[in-house]
There are 2 protein chains.
Amino acid sequence: MKAETRRLTRKSDHTRQRILDAAASTLANRGYAGTSIKAIADSIDMQDASLYYHFESKDALVLEVLRTGVVLSEEAVNAAVSALGEQPDPIDALRAAIVAHAEAVLGMGDYPRANVRNFGQLPQEIVSAQMSHQRRYGKVWRNLIEAAMASGRLRQDMNTRAMRMLILGALNWAPEWYKPRGELSPGDVGRQMAAMIIEGLLATGAAQPVRRQKQGNGR
Amino acid sequence: MKAETRRLTRKSDHTRQRILDAAASTLANRGYAGTSIKAIADSIDMQDASLYYHFESKDALVLEVLRTGVVLSEEAVNAAVSALGEQPDPIDALRAAIVAHAEAVLGMGDYPRANVRNFGQLPQEIVSAQMSHQRRYGKVWRNLIEAAMASGRLRQDMNTRAMRMLILGALNWAPEWYKPRGELSPGDVGRQMAAMIIEGLLATGAAQPVRRQKQGNGR
DNA sequence: GCTTTGTTCTAGCGTACACTAGAAAATGTT
DNA sequence: AACATTTTCTAGTGTACGCTAGAACAAAGC
């Protein structure tokens, strides 16, 4: 049966999910070009050809993984900010967003990581197909930072784009060095990052220690 | 003639350099697995087989590109810090290092960029062959940050590893969004980043505007 | 001019890739 | 039990990869 025709969800959605998980894992660890259909199929004890029953091409599969990655991050950030109530302090909102993004990228499994680690190395066609989601998530951050800037609480001598990129760069790099077995939970890393980014590295009287918290379970 | 035997440098070193440049470019733009010998050869109007006269394997070529990338960054940072004199203020040294690394990664061509963008997606054998250079450069930063920390000028409630990773993450992400034709030079970006990282994003009376300077020529 | 040495070429090997065709096996449904 | 549907398999296609062998061309010394 053609994948196009199949609309009523069936038991095979479970297999589909296993394929997506395996694809996210190899994408996050080996990169786009280093990810082969055969490797994905092998890791879930399947023949590579069988995979084409569930996805019409490698790129379609990859795209769904990447899309999921952005969506997960976006939802995590939105939820964290919403949890602060109707009119949150813009700096509190920014801080919450930073922690949420760090937790997504470090603790929510391979999807957000696959996204971050393949950024800039994808074939043009995939990039453009993915653009709209990427842009929407970018807008979330643009709004957060511009709100904080407009409130006068952020320094006015930097442009907001540089600020946004500083934040996302520092956080998106975290998967390169973060060790899940270490002493810091993803949330701990997020809170440390937020403190350093917002208040700076310099010692001041105002700086307060960041509490370490118990680690939640990752996806 | 075997590459091993050839020790007296010849005219072909020019070709060798062109190959390295081409390899750095495709590595920076397409990633390790997306970089083929044929694509490199094509971009300099050569047959792929001819390339093996100059390099014994793809991995040997890639390794030399990556090594060059680290060395260029390291030299730039060391030079910038040394230029401050014998006993520089540790915060000034940190600031100078940040600017130098930004300039390397954004303005010194494809080598440092190739390094940064393939980090974490390389086959294990290449990673371990590259490890020693990476470690040495890491040590430069560790020393800078620990000196600043020991001076008491940095906040004592964060660990130095998180600080180092914040800095390098923010800077290494810059190639993903920086547009060379834009209004900011690599040095401008570096100075903005340094100011935000060191002093933080919050508005304070102490924050001073960062002067924009004329852009030097890249590599 | 001839030989030696250095550099690039043509041709091809074996392997891995994304993907297809169609047979076989499960899995319902009646 | 018989049938229809869904899922996975075996077997293969064409193409691109890294790399090798050895001929062809180029440059330099004598």
Side-chain angles (χ1 to χ4, degrees), chain A residues 1-20 22-23 26-27 29-66 118 121-126 129, chain B residues 1-20 22-23 26-27 29-66 118 121-126 129:
Chain A
M1 182 185 246
K2 284 292 180 102
E4 302 247 33
T5 316
R6 188 161 54 92
R7 277 302 104 193
L8 358 165
T9 54
R10 309 217 153 263
K11 274 290 183 67
S12 81
D13 286 354
H14 172 244
T15 306
R16 196 183 144 89
Q17 193 55 51
R18 284 175 64 224
I19 296 173
L20 282 167
T26 59
L27 268 176
N29 295 321
R30 313 232 175 275
Y32 172 79
T35 294
S36 73
I37 293 290
K38 174 137 198 316
I40 296 173
D42 278 356
S43 74
I44 54 175
D45 287 313
M46 213 180 195
Q47 297 301 315
D48 52 339
S50 308
L51 210 142
Y52 285 88
Y53 176 77
H54 302 275
F55 295 91
E56 70 169 359
S57 71
K58 175 185 175 180
D59 282 6
L61 169 56
V62 169
L63 254 167
E64 187 151 340
V65 170
L66 296 179
N118 285 286
Q121 294 191 5
L122 297 167
Q124 193 52 48
E125 34 168 338
I126 291 203
Chain B
M1 182 186 244
K2 282 295 179 97
E4 301 247 34
T5 316
R6 188 161 54 92
R7 276 302 105 194
L8 358 166
T9 54
R10 308 218 153 261
K11 275 289 184 69
S12 80
D13 287 354
H14 173 243
T15 306
R16 195 184 145 89
Q17 193 55 52
R18 284 175 64 223
I19 296 173
L20 282 167
T26 58
L27 267 177
N29 296 321
R30 312 231 175 275
Y32 172 79
T35 293
S36 72
I37 294 290
K38 176 138 195 316
I40 296 172
D42 279 355
S43 74
I44 53 174
D45 287 313
M46 213 180 195
Q47 298 300 317
D48 53 338
S50 307
L51 210 140
Y52 285 87
Y53 176 74
H54 302 274
F55 294 92
E56 70 168 359
S57 71
K58 175 185 175 179
D59 283 6
L61 168 57
V62 168
L63 255 169
E64 187 152 340
V65 170
L66 297 179
N118 285 286
Q121 294 192 5
L122 297 167
Q124 193 51 48
E125 34 169 336
I126 291 203

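Within every chain, numbering begins at 1; the chains are lettered A, B, ... in the order of the sequence lines, protein sequences first and strands thereafter.
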Checklist entry - What one-letter contact string describes nucleotides 8-15 of chain D from 5' to 3', where B marks a base within less than 4.0 Å of any protein heavy atom, S marks contact via sugar-phosphate atoms alone, and - marks no contact? => result BBBB----
Checklist entry - Just how far, in rounded Å, is P of dA18(C) from CZ of F55(A)? => result 15 Å
Item to check | Flag side-chain contact, heavy atom, 4.5 Å: I40(B) against L51(B) | outcome: yes
Checklist outcome for this item: Quick note, side chain to side chain donor-acceptor pair (under 3.5 Å) partners involving residues 41-52 of chain B, not counting sequence neighbours, are K38(B)-D42(B)
Item to check | Separation of atom CZ in R18(B) from atom P in dT7(C), rounded to whole Å | outcome: 14 Å
Next on the checklist: Just verifying a value: how many Å separate N118(A) CG and R30(A) CZ, rounded to the nearest 0.5 Å?
Outcome noted: 12.5 Å
Checklist entry - Within this structure, what is the CG-to-C1' distance between D42(B) and dT8(C), rounded to whole angstrom? => result 15 Å
Checklist entry - Whole Å only: how far is the CG atom of L51(B) from the P atom of dC17(D)? => result 13 Å
Next on the checklist: If you only use heavy atoms from C-beta on, which nucleotide in dT20(C), dG18(D), dC17(C) is closest to the side chain of I37(B)?
Outcome noted: dG18(D)
Next on the checklist: What is the distance, to the nearest angstrom, from the NZ atom on K38(B) to the P atom on dC17(D)?
Outcome noted: 7 Å
Item to check | d(CG, D59(A); P, dC17(C)) in whole Å | outcome: 16 Å
Checklist outcome for this item: note: E56(B), atom CD; dG18(D), atom C1'; distance rounded to Å ~ 13 Å
Checklist entry - Taking atom NE2 of H54(B) and atom CE of M46(B), what is their separation to the nearest 0.5 Å? => result 4.0 Å
Next on the checklist: Within this structure, what is the NZ-OH distance for the pair K58(A) and Y32(A), rounded to the nearest 0.5 Å?
Outcome noted: 4.5 Å
Checklist entry - Rounded to the nearest Å, what distance is computed from the NE2 atom of residue H14(A) to the P atom of nucleotide dT27(C)? => result 14 Å
Next on the checklist: Applying side-chain contact (heavy atoms from CB on, under 4.5 Å), can you list everything that pairs with E125(B), at least two apart in sequence or on another chain?
Outcome noted: D59(B), P123(B)
Item to check | Among dC17(D), dA18(C), dC19(D), the nucleotide that comes nearest once only the side chain of K58(A) is considered | outcome: dA18(C)
